[in-house]
Amino acid sequence: MSGESHHGSSGHHGNESHHELGFLRKWVFSIDHKVIGIQYTITSLCFLFLGFCLMMLMRWQLAYPLKPLPFIGHWFSEQIMPGGIMLPEFYNSLGAMHGTIMVFLGVVPLLVGGFGNYVMPLQIGAPDMSFPKLNMMSYWVYFCGGVVMLASFFMPGGAANSGWTSYAPLSVISQQGPTFYAKFFSGQTFWLMGMVFLITSSLLGSVNFIVTIIQLRAKGMTMFRLPFFVWSQFVTAFLLLLAFPPLEAAGVLQLMDRLAGTSFFMPSGLIVSGQAAPYTGGGSPLLWQHLFWFLAHPEVYVLILPGLGIVAEVIANNTRKPLWGYRIMIYAIVFLGFMSFIVWAHHMFMTGMGTKISAFFAATTMIISIPSVVVLTAMLLSLHRSSIRFSVPMLFALAFLPMFAIGGLTGLPLGLPASDIHLHDTYYVIGHFHYVVVPGSIFAIFAGIYHWYPKATGRKLNEVLGKMHFWLSVIFANGVFFPMFFQGMAGVSRRLYDQTAYAHGEAIQSLARMSSWSAWCLGLAQLPFILNFFMSMFAGKKVKENPWDATTLEWAAPSPPPHGNFLTEPVVYRGPYEYSVPGNPRDFYPQFVTEA
């Protein structure tokens, strides 16, 4: 504990003489987990904004196919938008990069790199992460991956255009030039290199998280005194550590197929544009799908578990009650993490697998819904007979519950081969997934930002702007994604550039327009948040260490916390959610307050 007490006594509020770090070491190449968390947060919010802009461009083409894009259409090159009309190849690039940026550069780095880095060490009473330099490296490898991904937009053939899943053989043969130089400097190659960077970053971070949670807990902080948010980050770190290596290996193998003429994923006898393709190694395109989805289904829980952790913290704090079934919730997410590794092939029912193996994956998919229902039910029971404080973080947390439930319930038909045959690769799948990620994960992110902003800055976000942001976001998020269920059940394919080319698509084109207008309004609904976020840094109401009257350990630190986090070494005396304890004069009994 000597390291902890040394760090704990080195707060910058004192007048001791100590070496002041320069700007670069303090804010750019920092090894302080809080600065790295802020770096992750700002960077990933920028990527979320970029990914959202790509989607809004796509929505114009879907709502008004083959019509010139107004106002900004002339900004784009004639090669991709002649006369302001979007070409199919550019549309495909937008789709591939939207999915990649939102998942791998936006939501995951924000939930794990941002909230995990900033809040988790504070909640366990640690002075920093176990490996601070590894933490810094994790961020900069992620940043390099983002730069490589963005560079793909400026390649001669444009960005990657083989979907965010990069399925072979299309992803291997697309954007292939006659020379090695042309093959290397292509959007698809840069996409693969970017993914290798991003996966490496996640592996570095996950090792750090696991070691920190096991080794650096404060005195008295047993595993079952950890806040639920820390448990969610703990399980998520294991998912990242175990699920990402297969995709990293697959990415390198696909790079070899593109650049070195190998055929790991390329079958022999393939005919491309009437010509025999020069692949003779007898590779398997299905191997890529297995390796990709072995990561990508645990990845879904990487997207949602930290969100569940944030929502649990906000609900406990604003109901003024302990979380109902705290231990049951922990067992549920550990079981969910284990099960997430044996459901991946439900994405592949259409690949011709046998009935026995499809029945196995259908069964595991039904089973994995049980722990999610357990956690959701526990949160709903936590609301029962409570005196709810309708703060902005609580509004987002409350909206998360039914929206995540819709996302989960609509996934069940996709986990059954009989119904998936009709719904596979339709807009129904997009509606299902986005209900999990947008009013699910992203609403949880907003709840977390509004909840912990006072801890990071010492100021509160404006309540009026926050509520305006919430209500507009709830209305328009549902307007974007709910119509997609009806489009999907009508049989409209998710990757159509122009659904009016088909009679069944043209008949429900009004739904596409409704989604598009809702998406553009959802973009406008984020303006109050952006204004609030930056304005409150300077003009927000100043608050003390614990403005929410919360019980967990991060609220024992000053706001914002100094280097080393705590002015004295923290000691934990009780569980994380001791609210409304009978006989206690206050309705909260923090972990860090000594026995009365």
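- Trp191 and Thr100 are linked by a side-chain donor-acceptor pair at a separation below 3.5 angstrom, with hydrogens and angles left out of the test.
- In this structure, Met56 places its CE atom where more than 12 heavy-atom neighbours from other residues, nucleotides or ligands lie under 6.0 Å away.
- Looking at His432, its side chain does come within 3.5 Å of a backbone N or O of Gly407 through a donor-acceptor pair.
- Under the 6.0 Å cut-off for aromatic ring centres, Tyr589 and Tyr579 do not qualify, their centroids lying 6.0 Å or more apart.
- Considering Glu313, Gln591, Lys321 as possible partners of Tyr577, the one that fulfils the side chain to side chain donor-acceptor pair (under 3.5 Å) test is Glu313.
- Judged by distance alone, the side chain of Asn117 and the main-chain N or O of Gly113 form a donor-acceptor pair under 3.5 Å.
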Intermediate values then yes/no, side-chain hydrogen bond (donor to acceptor under 3.5 Å, both in side chains), His33 and Asn565: CA-CA 10 Å; His33 75 96; Asn565 296 339; 3.0 Å; yes
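- Using a 3.5 Å distance cut-off with no hydrogens or angles, the side chains of Trp452 and Glu554 do pair a donor with an acceptor.
- The aromatic rings of Phe481 and His434 sit parallel, their planes meeting at an angle under 30°, below the 60° perpendicular limit.
- Atoms CG and CZ, from Leu198 and Phe244 in turn, are 7.5 Å apart once rounded to the nearest 0.5 Å.
- Taking the ring centre of Tyr453 as origin, the terminal cationic atom of Arg459 falls outside the region bounded by 6.0 Å and 45° from the ring axis.
- Annotation: cation-pi geometry not satisfied between Arg25 and Phe29 (NZ/CZ under 6.0 angstrom from ring centroid, within 45° of ring axis).
- Cation-pi contact between Lys544 and Trp555: absent, since separation from the ring centre below 6.0 Å together with deviation from the ring axis within 45° is not met.
- Classification of the Tyr450-Phe396 ring pair by plane angle, with boundaries at 30° and 60°, yields parallel.
- Across Ala312 and Phe228, no two heavy atoms sit closer than the pair CB-CD2, 3.4 Å.
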